[in-house]
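Below is one structure, written out as C-alpha cells, with a few remarks after it.
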Amino acid sequence: MIINEKPTKPEDLQPTSRFLRACHGLPVDATPVWFMRQAGRYMPEYRTIREKYSLLEIVSRPEIAAEVTMQPVEILGVDAAILFADILLVVQPMGLHLEFVKGEGPVISNPIRQLKDVEKLRVMDARSDLGHVLKAIQLVRAALTDQVPLIGFAGAPFTVASYMIEGGPSKDYVHTKTMMYALPEIWQAFMEKISSSLVDYLIAQVEAGAQAIQLFDSWVGALSPQDYHRYVLPYSQKVLRAVQATGVPVIHFGTGTSMLLQDMKEAGGTVIGLDWRVPLDYGWKLLGYDTRIQGNLDPVALLSPQPVIRKQIQDVLQRAAGRPGHIFNLGHGIIKHTPVENVKSVVEMVHEMTNNPSLDFRG
Ligand code: CP3
C-alpha cells in the first residue's frame with residue numbers, strides 16, 4: 001500500500017500554477033505549455049539512459065523513471081511534467097505478454113480473441129501490480145515545485161483494447177471491430193474488465209500524487225460516431241467520471257476526432273485534447289466555452305525553421321483568442337527527429353506571445 005505523502009493541497013483547488021489554473025478555466029500570466037511525449041528519443045539525455053536500459057526497465061525502476069520524467073522539465077522549461085510510463089503497462093498485470101520490439105513497437109504475443117481469453121484476464125490491482133509506477137509518482141512530486149504539476153495518465157478503454165486484441169499497432173482494426181460488431185457480449189465483458197482496471201490504476205495515481213490525469217484515446221478516430229456512442233462511450237465515461245470524482249482535472253485526448261468531439265465531451269473530461277486536424281477555434285466553439293481545450297500544433301511543424309514554427313504557433317494562439325482555459329500542446333506526440341532547440345523555442349514563443357505579468361499568481 002502506497003502512503004499518500006502529498007495529499008491534495010489547497011493550491012490544487014485554488015491553484016497558482018499556470019497549468020492547473022488553465023485546467024480550471026482561470027486566467028493565467030502566460031499560456032501553459034507541455035508536450036505529449038516530451039520525454040523520448042528526440043532528446044540526447046533520454047537516449048543516453050536508453051543505451052543502458054530498455055523502456056520496460058526504465059519504467060520498472062522508479063528512480064530512473066523519475067529522472068526521465070524530470071528531463072524535459074529541466075531542459076525545456078515546460079509548465080507540466082508527465083509521468084514517464086506507457087499506456088500498455090496495464091496489459092501485463094491483466095495477464096498478457098508485452099514486449100517493445102525495435103522497429104516494430106509494442107508486441108503482445110497472446111492477444112485477446114475469444115471469450116475464454118477475456119475470462120482469463122485479471123482485473124488488476126494497481127497498488128500491488130504497478131506499485132513501481134506509483135513510487136515514481138511520489139519521487140517526481142518530491143522533485144517538482146508547485147509551479148510544475150505532475151500529469152498521470154492511462155490509455156482509454158478503446159485504445160488499450162485495440163492493442164490487446166490486435167497484438168500491436170493496427171491500420172484497420174480488423175480484429176477489434178469484428179469483436180465489437182460480431183461478438184458484442186464478449187466486447188462488453190472485455191471493456192468492463194479494462195475499464196475497471198483503468199479506474200483502479202488512475203485513482204491510485206491520483207492518491208500517489210498525480211495532480212491531473214490525461215486519458216489517451218489515441219486511436220479512437222478509427223470509429224464512426226455511432227460506433228463510438230454504442231461500443232465505447234459508456235466505458236470511457238465510467239473511467240472519466242471515476243477520476244473526475246477525485247477532484248483532479250482530467251484531459252480527454254484523441255486523434256482523428258473531428259466527428260467525435262461532442263461525444264467525447266459527453267463521455268467526460270475537464271479538458272478536451274484536440275489533434276492538429278481540427279482548427280482550434282472551430283473545435284472550441286463546437287464543444288462550448290465551458291470546456292477547456294488542449295492543443296494543437298502539428299508535431300511535424302517542429303521540423304521546420306523557427307520563423308515557420310512561429311507563424312504556426314501564432315495561428316493556434318489567435319484561434320484560442322486569449323480565452324482562459326487553453327493549454328498549449330502539439331496535436332499528438334513529439335516525433336523522433338525533432339530538434340530539441342525547436343521544442344524549447346515553442347515553450348519560449350508561447351510564453352512570450354501570451355505574456356501578461358499582471359496575472360502572475362505564482363507568488
Ligand atoms: O513523455 C511522455 O509523454 C510520457 C511517456 C509516454 C510514453 N508512452 C513513453 C514511451 C506516454 C504518455 C506514452 C503513451 C503512449 N504509449 C501512447 C499514447 C500516446 C500516443 O502516442 O498516442 C501510445 C499509443 C503508446 C503505445 C506505444 N508505446 C507505442 C506505439 C510505442 C512504440 C512507438 C514509438 O514511438 O517508439 C511505445 C514506446 C514508447 N513509449 C516510447 C516512449 C518514450 C518510445 C521509447 C523508446 O523505445 O525509447
Side-chain angles (χ1 to χ4, degrees), residues 33-60 64-76 78-92 96 98-108 133 136-137 140 148 150-164 166-171 173 176 198 201-202 205 210 212-222 251-257 273-276 294-296 299-300 329-338 340 343:
V33 195
W34 71 279
F35 303 99
M36 291 179 269
R37 291 284 181 92
Q38 62 190 19
R41 278 175 298 196
Y42 78 100
M43 208 179 252
E45 293 79 358
Y46 174 79
R47 288 199 301 270
T48 306
I49 292 191
R50 274 287 274 115
E51 277 164 22
K52 284 199 248 160
Y53 306 101
S54 71
L55 181 68
L56 291 175
E57 277 167 351
I58 297 176
V59 170
S60 67
I64 304 173
E67 184 187 337
V68 175
T69 303
M70 292 300 290
Q71 284 176 345
V73 176
E74 284 152 8
I75 296 163
L76 306 173
V78 283
D79 296 299
I82 180 158
L83 175 69
F84 191 81
D86 196 89
I87 63 161
L88 296 180
L89 297 185
V90 297
V91 313
Q92 285 178 317
L96 300 190
L98 170 70
E99 258 180 299
F100 286 93
V101 179
K102 211 173 166 160
E104 267 184 71
V107 176
I108 294 166
V133 177
I137 293 178
V140 174
V148 181
L150 175 62
I151 305 168
F153 71 92
F158 174 78
T159 293
V160 175
S162 77
Y163 280 105
M164 291 174 85
E166 303 294 336
S170 171
K171 204 159 124 285
Y173 302 94
T176 310
L198 292 171
Y201 182 39
L202 289 171
Q205 290 189 32
I213 292 293
Q214 176 153 320
L215 196 69
F216 284 92
D217 214 348
S218 304
W219 312 136
V220 74
I251 306 165
H252 187 186
F253 167 79
T255 74
T257 55
L274 301 179
D275 81 2
W276 65 91
Q294 178 174 279
N296 72 342
V300 179
N329 204 315
L330 305 180
H332 202 171
I334 296 182
I335 55 181
K336 198 166 142 194
H337 300 292
T338 305
V340 179
V343 185

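Whatever order the structure lists ligands and atoms in, that order sets their numbers, starting from 1. Reckoned from all heavy atoms, side chains included, excluding hydrogens, waters and symmetry mates.
A donor-acceptor distance shorter than 3.5 angstrom exists from the side chain of N296 to the backbone of D275, with no hydrogens or angles considered. Panel note: side chain Q205, backbone V133; no donor-acceptor pair is recorded below 3.5 Å.
Of all atoms in ligand 1, numbered sequentially from 1 with element shown, those under 4.0 Å from a heavy atom of L83 are 4 (C), 5 (C). Per-residue contacts place R50 under 4.0 angstrom from the following atoms of ligand 1 (heavy atoms of the residue considered): 46 (C), 47 (O), 48 (O). Residue-ligand proximity, P106 to ligand 1, at heavy-atom distances under 4.0 Å covers atoms 29 (C), 30 (C), 31 (C), 32 (C). Close approach of ligand 1 to F216 is summarised as follows: ligand atoms under 4.0 Å from at least one heavy atom of the residue are 12 (C), 18 (C), 19 (C). Taking a cut-off of under 4.0 Å to the non-hydrogen atoms of H332, the atoms of ligand 1 that pass are 20 (C), 21 (O), 22 (O). Atoms of ligand 1 lying under 4.0 Å from any heavy atom of S218, numbered from 1 in the order shown and given with element: 18 (C), 19 (C), 20 (C), 22 (O). In the vicinity of Y46, heavy-atom distances shorter than 4.0 Å reach the ligand 1 atoms 43 (C), 45 (C), 46 (C), 48 (O). Close contacts of ligand 1 with M36, meaning ligand atoms under 4.0 Å from a residue heavy atom, involve 3 (O).
Ligand 1 has no nitrogen or oxygen under 3.5 angstrom from a nitrogen or oxygen of T159.
Under the 4.0 angstrom criterion for non-hydrogen atoms, A85 is in contact with ligand 1. By the 4.0 Å heavy-atom criterion, I334 is excluded from the residues contacting ligand 1.
Closest non-hydrogen pair, S218 versus T159, comes out as N-OG1, 3.1 Å.
The CD1 atom of I82 lies 7.5 Å from the CD1 atom of I251; values are rounded to the nearest 0.5 Å. The structure places CG of L330 at 9.5 Å from CD of Q294, a figure rounded to the nearest 0.5 Å. Rounded to the nearest 0.5 angstrom, S54 OG and I49 CD1 are separated by 12.5 Å. Here the straight-line distance linking atom CZ of R50 with atom CD1 of I58 works out to 6.0 Å at 0.5 Å rounding.
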Steps toward side chain to side chain contact (heavy atoms under 4.5 Å, CB included) verdict (W34, V73): CA-CA 9 Å; W34 71 279; V73 176; over 6 Å; no

L76 vs V340, side chain to side chain contact (heavy atoms under 4.5 Å, CB included): CA-CA, chis, key distance, verdict: CA-CA 8 Å; L76 306 173; V340 179; 4.2 Å; yes

Y46 vs V68, side chain to side chain contact (heavy atoms under 4.5 Å, CB included): CA-CA, chis, key distance, verdict: CA-CA 7 Å; Y46 174 79; V68 175; 3.6 Å; yes

Worked check of side chain to side chain contact (heavy atoms under 4.5 Å, CB included) between D86 and F100: CA-CA 11 Å; D86 196 89; F100 286 93; 3.8 Å; yes

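From the protein, the heavy atom lying nearest to atom 37 (C) of ligand 1 is F100 CE2, 3.4 Å. Taking atom 14 (C) of ligand 1 as the reference point, the nearest protein heavy-atom neighbour is I87 CG2, 3.7 Å. When only non-hydrogen protein atoms are considered, atom 28 (N) of ligand 1 lies nearest to D86 OD1, 2.6 Å. Counting only heavy atoms of the protein, atom 44 (C) of ligand 1 lies nearest to R41 NH2, 3.6 Å. Regarding atom 12 (C) of ligand 1, its nearest protein heavy-atom neighbour is F153 CZ, 3.4 Å. The nearest protein atom to atom 35 (O) of ligand 1, hydrogens excluded, is given as R37 NH1, 2.9 Å; this is a heavy-atom distance. Protein heavy atom nearest atom 30 (C) of ligand 1, with residue, atom name and distance: Y163 OH, 3.4 Å.
The presence of a protein heavy atom under 4.0 Å from atom 33 (C) of ligand 1 is ruled out.
Of the candidates F35, W219, F216, H332 forms a ring pair (Phe, Tyr, Trp, His ring centres under 6.0 Å) with just one, namely W219.
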